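Note that this is a predicted model, so its numbers are computed, not measured. All values below were derived from every heavy atom in this structure, side-chain atoms included, with hydrogens, water molecules and symmetry-related copies excluded. All chains are named by letter (A, B, ...) in the order of the sequence lines, taking the proteins before the strands, and each is independently numbered beginning at 1.
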2 protein chains.
Amino acid sequence: MNDGPDWRPVKRVRAFEEVVAQIEEQISTGRLRAGDKLPGERALAAALGVSRPSVREAMRVLEAMGVLVANTGSGPEAGAILAGSAGPALTGVLGLHLGLANFAVDDVVETRLLIESWAVEAAARHASEADLDRLRAIVAAMDAPDVSAEQFNEQDTEFHTAIAELSGNALVATFMRALRDTVRRHQQRAVVELGSNTEALRADHRAILAAIEARDPHAAAEAVAAHLRRAYPRVGRGR
Amino acid sequence: MNDGPDWRPVKRVRAFEEVVAQIEEQISTGRLRAGDKLPGERALAAALGVSRPSVREAMRVLEAMGVLVANTGSGPEAGAILAGSAGPALTGVLGLHLGLANFAVDDVVETRLLIESWAVEAAARHASEADLDRLRAIVAAMDAPDVSAEQFNEQDTEFHTAIAELSGNALVATFMRALRDTVRRHQQRAVVELGSNTEALRADHRAILAAIEARDPHAAAEAVAAHLRRAYPRVGRGR
DNA sequence: AACCACGCTGTGGTCAGACCACGCGATCGC
DNA sequence: GCGATCGCGTGGTCTGACCACAGCGTGGTT
């Protein structure tokens, strides 16, 4: 089994990678928590023995991953603050790789169907009355007579995200939002074709809500599947 | 409905963000494709009218998203090349936010169960004989007498990733790998407790493989669920 | 005494210019 | 012919400087 030395030569370690690694370590060991503020770039550079540009590149990486936000000025709001959610970062990553053809749009929609079916089942099982009120309010807002296409889309996102959150799994909710945003950004780049056909979609929403209200997980999953098949008809064939 | 001006303050646009945006646009419009090589940092800086550090920060962001890799030296391999997969980037993002307590470990395992159940059903439906051979080879390798704990873990990842790839959905496969790596990194930070208990896990793998061979999606999903419940016993209670 | 304007200070953002390590590729010498 | 060597362009790093911005203290004004 031994084919000789075969040692993998040292991996190049760039300065900013070391900085990222150290900050990651502080996070995973709990020494840095959400809400904490990092030292200034100059102080960090001095403490780590690297130059400020290297620290800045590390900041950009962490910022791209949604781990921190950087603010200028002074006061409590200024500086690099650990916070953020993974959502926007995920959306960005997925969108880029969609453009690079590493994924297909159908893959994204299919995955969304898979995740949302599960989420709505969980939601149907243990949604509280307050949760239901929230969904009802969104559905009612979408049924108002004067909603623009943009508002409609916004509230549609709201509705589906709310369902995902009701599943009680924060990661699933984040995935859901990222997938929906990815599809939406992609399709709005092509054509906004739903036009005045929103009635069918709104009816779907009402059906989903009704199934959740009836505590019927299976029916809820079916309703979601039907809804997505209507919204993205091309998916699901051929596989 | 009109509450006054309520204008959003101008979004600050940093130079590197503009650079990232322009590269993203080149990607989504198809002018840049996977495998293409970007101009050198100096040339890009000159072309975009920004300084080299700004270009570099943009590079770091795109690199963190798994969109490009940067190599030194000269020749065809040198420079910033569009390529990569989203996998490592997703793993990094998930791991960091796990550390920041934006997600719970249970969320990750639960999500993995959800996705893998679906994937194995799809795999059971349309795995080719060659696909099955690949799985059989992995299972056989894990049954060898002299596998170390590390090798075992490696091949376990291989097995589950292979199943996800068999689903035919590249995005699901990517998610699967990211979720598994995230869990693995997290648990290996704590305790590697499986010890010599691998026999049960290997039996699970054989059961999963058998269900796929039998083209029984439901049994395959059940087998995967049982396997994950055994591997991560604490999950699934209380929700 | 209350209040407001100014400037100090520290933050991230940007820039210019320089030097280094690396590795391909052409050139030169044998 | 062929191998060692040098050139040159790549990303990686550093220095030092300047800018815009925002909070907050200090000063003068009312």
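- With hydrogens and angles left out, the side-chain atoms of B:Arg177 and B:Thr157 include no donor and acceptor closer than 3.5 Å.
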Got a list of protein N/O to nucleotides 21-28 of chain C N/O distances below 3.5 Å?
residue	atom	partner	partner atom	Å
C:dC24	O4'	B:Ser74	OG	3.0
C:dC24	O2	B:Ser74	OG	3.4

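- Atom CG of B:Leu38 is separated from atom C1' of D:dG9 by 16 Å (rounded to the nearest Å).
- What separates CD1 of B:Ile81 from P of D:dG11 is a distance of 10 Å, to the nearest Å.
- Partner B:Ile23 forms a side chain to side chain contact (heavy atoms under 4.5 Å, CB included) with one of B:Leu32, B:Leu48, B:Val61 and no other, that one being B:Leu32.
- By the 4.5 Å heavy-atom criterion applied to side chains, B:Phe175 and A:Phe175 are counted as neighbours.
- Taking NE2 from A:His97 and CG from A:Asn102, the interatomic distance works out to 5.0 Å, rounded to the nearest 0.5 Å.
- Residue pairs meeting the side-chain hydrogen bond (donor to acceptor under 3.5 Å, both in side chains) criterion with at least one member in residues 54-71 of chain B, sequence neighbours excluded: A:Arg14-B:Glu63, A:Arg56-B:Glu57, A:Glu57-B:Arg56, A:Glu57-B:Arg60, A:Arg60-B:Glu57, B:Glu41-B:Arg56, B:Arg60-B:Glu63.
- Separating the CG atom of A:Asn71 from the P atom of C:dT11 is a distance of 14 Å, rounded to the nearest angstrom.
- At whole-Å resolution of the value, CD in B:Glu41 and P in D:dT13 are 10 Å apart.
- One atom, CZ of A:Arg42, and another, P of D:dT15, lie 14 Å apart when rounded to the nearest Å.
- No engagement by B:Ala78 is indicated, since no non-hydrogen atom pair under 4.0 Å with the nucleic acid exists.
- Rounding to whole angstrom units, CZ of residue A:Phe16 and P of D:dG11 are separated by 14 Å.
- The closest side-chain heavy-atom distance from A:Thr182 to A:Val105 is not below 4.5 Å.
- Heavy-atom distances under 4.0 Å link DNA chain C to A:Arg52, A:Arg56 of residues 50-58 of chain A, given in residue order.
- Between the NZ atom of A:Lys37 and the P atom of D:dG23 there is a distance of 11 Å, given to the nearest Å.
- For A:His205 and A:Asp156, the side-chain atoms include at least one donor-acceptor pair closer than 3.5 Å.
- Counting heavy atoms of neighbouring residues, nucleotides and ligands inside a 6.0 Å radius, atom CD of B:Gln151 exceeds 12 of them.
- Taking atom CZ of residue B:Arg14 and atom P of nucleotide C:dT11, one finds them 17 Å apart after rounding to whole Å.
- The shortest distance between side-chain heavy atoms of A:Met176 and A:Thr161 does not fall below 4.5 Å.
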